[in-house]
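Because only heavy atoms are used, hydrogens play no part in the values below, and waters and symmetry mates are left out as well, while side chains stay in.
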Amino acid sequence: MERTGIFVGSFNPFTIGHDSIVRRVLPLFDRLVIGVVGDNVHKPDMPSAETRMQAIRELYADESRISVKPYHGLAMDFAKAEGAQFIVKGVRNASDFEYEQWQADFNRRLGGIETILLYTEPELASISSSALRELSHFGVDVSPYLPKKNS
């Protein structure tokens, strides 16, 4: 049986923290699907899903086990559609853990999908997409926090 996991998020932007999770969890799977939340009418300033997906595809172009796809709705439904047995989530702090814990419980109870939580590497714990968007808004160069190919 092929071991498939999904890693989902808006990835606006996809950070070095996200990349760390992908690279650390990849050895556990035969296939990892990165699910990018589709276009959100409530966040009209967000780059299109296709733009965000293309950046991630370019980052992992040399890794055949990774695919990048849009998703809408519940992560457990996306996992089922992809034939995934696991949802991968990164956890930076206690509040992330509490939020992910109840989601994991519902994903298991309602969807039969297990969740794998990976703790963020300590040096990446303060990096979040929302923080990078805010810094960028004020003219700060956030490129050191964005993954480069072969990073």
Side-chain angles (χ1 to χ4, degrees), residues 1-134 142 145-147 149 151:
M1 174 188 223
E2 183 177 69
R3 291 168 306 176
T4 301
I6 64 164
F7 181 43
V8 296
S10 61
F11 304 124
N12 179 31
F14 192 85
T15 70
I16 57 175
H18 296 128
D19 180 57
S20 169
I21 296 294
V22 168
R23 293 183 189 282
R24 289 168 49 217
V25 79
L26 191 57
L28 301 176
F29 299 110
D30 300 307
R31 188 169 75 98
L32 180 66
V33 181
I34 300 175
V36 177
V37 172
D39 296 332
N40 187 333
V41 296
H42 301 293
K43 296 181 181 180
D45 293 337
M46 184 163 47
S48 72
E50 187 53 45
T51 298
R52 290 175 283 134
M53 287 188 302
Q54 188 57 38
I56 299 167
R57 283 184 186 123
E58 289 173 10
L59 185 62
Y60 301 113
D62 297 333
E63 180 49 71
S64 63
R65 294 175 293 165
I66 295 176
S67 60
V68 182
K69 299 181 179 182
Y71 96 96
H72 304 274
L74 298 173
M76 70 178 159
D77 293 336
F78 181 65
K80 285 182 179 180
E82 290 298 321
Q85 302 85 24
F86 304 95
I87 297 172
V88 174
K89 301 297 264 205
V91 177
R92 292 178 302 230
N93 52 43
S95 59
D96 278 0
F97 177 81
E98 289 179 4
Y99 178 76
E100 297 301 346
Q101 184 180 26
W102 73 259
Q103 278 197 340
D105 186 43
F106 280 109
N107 288 332
R108 185 179 50 260
R109 287 178 189 229
L110 300 175
I113 307 293
E114 288 293 338
T115 300
I116 297 175
L117 299 178
L118 256 60
Y119 292 100
T120 301
E121 294 174 274
E123 66 274 16
L124 302 178
S126 65
I127 298 170
S128 71
S129 294
S130 56
L132 295 189
R133 287 192 309 274
E134 184 171 348
V142 298
Y145 306 103
L146 303 176
K149 192 159 174 67
S151 64

Report yes if some heavy atom in the side chain of [X] is under 4.5 Å from a heavy atom in the side chain of [Y]; otherwise report no.
X: M76; Y: L110; answer: yes
X: L132; Y: P13; answer: yes
X: V91; Y: L118; answer: no
X: I113; Y: R108; answer: no
X: N12; Y: P47; answer: yes
X: L32; Y: I6; answer: no
X: F86; Y: T115; answer: no
X: E63; Y: L26; answer: yes

Task: Exam field: side chain Q85 to backbone E2, donor-acceptor pair closer than 3.5 Å - done: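 It does hold such a pair.
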Task: N107 side chain vs Q103 backbone, donor-acceptor pair below 3.5 Å - done: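 Yes; at least one donor-acceptor contact below 3.5 Å.
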TODO: State whether E58 and K149 are salt-bridged, where the test is any N-O pair (Lys NZ or Arg NE/NH1/NH2 against Asp/Glu carboxylate O) under 4.0 Å.
DONE: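 Looking at K149 together with E58, the answer is no, because their closest N to O distance does not fall below 4.0 Å.
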Could you list the residues that satisfy salt bridge (Lys or Arg N to Asp or Glu O under 4.0 Å) with [X], not counting sequence neighbours?
X: E121; result: none
X: R92; result: D96
X: R24; result: none
X: D30; result: R3

Look up atom [atom1] in [X] and atom [atom2] in [Y], then write down how far apart they are to the nearest 0.5 Å.
X: L117; Y: Q101; atom1: CG; atom2: CD; answer: 8.5 Å
X: I87; Y: E100; atom1: CD1; atom2: CD; answer: 9.5 Å
X: Y145; Y: I16; atom1: OH; atom2: CD1; answer: 7.5 Å
X: D19; Y: L146; atom1: CG; atom2: CG; answer: 10.5 Å
X: L74; Y: K80; atom1: CG; atom2: NZ; answer: 10.0 Å
X: E134; Y: S128; atom1: CD; atom2: OG; answer: 9.0 Å

TODO: With sequence neighbours left out, write down each residue that passes ring-ring contact (aromatic ring centres under 6.0 Å, His included) with Y119, or none if nothing qualifies.
DONE: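 Once residues adjacent in sequence are excluded, Y119 has no partner under the ring-ring contact (aromatic ring centres under 6.0 Å, His included) criterion.
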- [ ] Using ring-ring contact (aromatic ring centres under 6.0 Å, His included) as the criterion, list what pairs up with F11, not counting sequence neighbours.
- [x]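 Listed in chain order: F7, F14, H18.
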Where do [X] and [Y] come nearest, in terms of heavy atoms and distance?
X: V8; Y: K89; value: CG2-NZ, 4.5 Å
X: R31; Y: S67; value: NH1-OG, 4.3 Å
X: Y60; Y: R23; value: CE2-NH2, 3.7 Å
X: L124; Y: S20; value: CD1-CB, 3.7 Å
X: V36; Y: S10; value: CG1-O, 4.1 Å

- [ ] Kindly indicate, with the supporting measurements, whether the criterion side-chain contact (heavy atoms from CB on, under 4.5 Å) is fulfilled by S48 and R52.
- [x] CA-CA 6 Å; S48 72; R52 290 175 283 134; 5.9 Å; no
- [ ] Assess whether side chain to side chain donor-acceptor pair (under 3.5 Å) is satisfied between S95 and N93, documenting all intermediate values.
- [x] CA-CA 6 Å; S95 59; N93 52 43; 2.9 Å; yes
- [ ] Test side-chain contact (heavy atoms from CB on, under 4.5 Å) on I34 and Y71 and set out the steps.
- [x] CA-CA 9 Å; I34 300 175; Y71 96 96; over 6 Å; no
